[in-house]
Amino acid sequence: MKLIFSIAIFIWLVSLSACYYDKEELLYGNNNSGPCTDSTGIVSYSQKIIPVFQQFCYSCHNSSFPSGNITMGTYTADKAIGLNGKLFGSINHTTGFSPMPKGMAKLNNCHIATIKKWIDQNMPNN
Ligand code: HEC
């Protein structure tokens, strides 16, 4: 029992340090304007995701102007492109997807990692 507990603590410590190094890597992206503070914990849709979408996406993707037939700007719409893989494919510039935001520099690593994390957390509406 004690051994299992020690192993669990060990794995936990290793994963913590892995996060730490990941985070350092994310500190400066291509067009990053500051440190990435979003790589730990539960990502907040309202505080961390919407502001990025507002700045880089909603102008071309909203209910009255859905470029490429992609609507964004509501939780349901934003979640839908998260679920079908198009959100991450497009911002990550994955082959087979149109690179987004269209005509602009790729989002910085911090934004991409934060959006990825929100998707991996099953896109909480928080
Ligand atoms: C300047 C306008 C513009 C901006 C800004 C923009 N998009 Fe797009 N988006 C388009 C157009 C136009 C298309 C249709 C495909 C094409 O023309 O490349 C599209 C297509 C898409 C698609 C479908 C891609 C595919 O391969 O099926 C997704 C998903 C998408 N955009 C998400 C986003 C996200 C997320 C952002 C913000 C990070 C964003 N877009 C910013 C214009 C824009």
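Sequence positions, counted from 1, serve as the residue numbers for this chain. Numbering of ligands and ligand atoms starts at 1, following listing order.
For the 3.5 Å distance criterion, the side chains of Asp78 and Tyr58 qualify, holding a donor opposite an acceptor.
Note: no N/O pair closer than 3.5 Å links Ser90 and ligand 1 by distance alone. Geometrically, ligand 1 and Ser59 share no nitrogen or oxygen pair separated by less than 3.5 Å. Distances between N or O atoms of Ser67 and those of ligand 1 include no value under 3.5 Å.
The distance from ligand 1 to the heavy atoms of Phe97 drops below 4.0 Å at these ligand atoms: 26 (O). Residue contact check: Met104 has heavy atoms under 4.0 Å from atoms 5 (C) of ligand 1. When each atom of ligand 1 is checked for a heavy atom of Leu87 under 4.0 Å away, the hits are 35 (C). Ligand-side atoms of ligand 1 in range of Lys86: 27 (O), 29 (C), range being under 4.0 angstrom from any heavy atom.
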**Item:** Worked check of side-chain contact (heavy atoms from CB on, under 4.5 Å) between Leu107 and Phe56
**Value:** CA-CA 8 Å; Leu107 295 182; Phe56 297 104; 3.5 Å; yes

**Message:** Would Met100 and His61 count as a side-chain contact (heavy atoms from CB on, under 4.5 Å) here? Give the steps.
**Reply:** CA-CA 11 Å; Met100 293 293 140; His61 297 286; 4.2 Å; yes

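In terms of protein heavy-atom proximity, atom 38 (C) of ligand 1 is closest to Cys57 SG, 2.5 Å. Protein heavy atom nearest atom 19 (C) of ligand 1, with residue, atom name and distance: Met100 CE, 3.0 Å. With hydrogens left out, the protein atom closest to atom 17 (O) of ligand 1 is Lys102 NZ, 3.1 Å, a heavy atom. In terms of protein heavy-atom proximity, atom 41 (C) of ligand 1 is nearest to Phe56 O, 3.3 Å. In this structure, atom 2 (C) of ligand 1 lies nearest to the protein heavy atom Cys60 SG, 1.8 Å. Counting only heavy atoms of the protein, atom 22 (C) of ligand 1 lies nearest to Ile70 CG1, 3.5 Å. Here the protein heavy atom with the shortest distance to atom 15 (C) of ligand 1 is Ser98 OG, 3.6 Å. With hydrogens left out, the protein atom closest to atom 14 (C) of ligand 1 is Gly68 CA, 3.4 Å, a heavy atom.
Judged by the 6.0 Å and 45° rule, Lys86 forms no cation-pi pair with Phe97.
When side chains are defined from C-beta on, Met72 counts as touching Ile70, because their heavy atoms get closer than 4.5 Å. At least one side-chain heavy atom of Ile42 sits under 4.5 Å from a side-chain heavy atom of Pro124. With a 4.5 Å cut-off on side-chain heavy atoms, Val43 and Gln121 count as touching. Side chains of Lys48 and Ile115 form no contact here, defined as non-hydrogen atoms less than 4.5 Å apart. In this structure, the side chains of Thr71 and Asn62 stay at 4.5 Å or more apart for every pair of heavy atoms.
Ring pair Trp118/Tyr45 is parallel by interplanar angle, where below 30° counts as parallel and above 60° as perpendicular.
Using a cut-off of 2.8 Å, one finds that His61 contributes an N/O/S atom close to atom 8 (Fe) of ligand 1.
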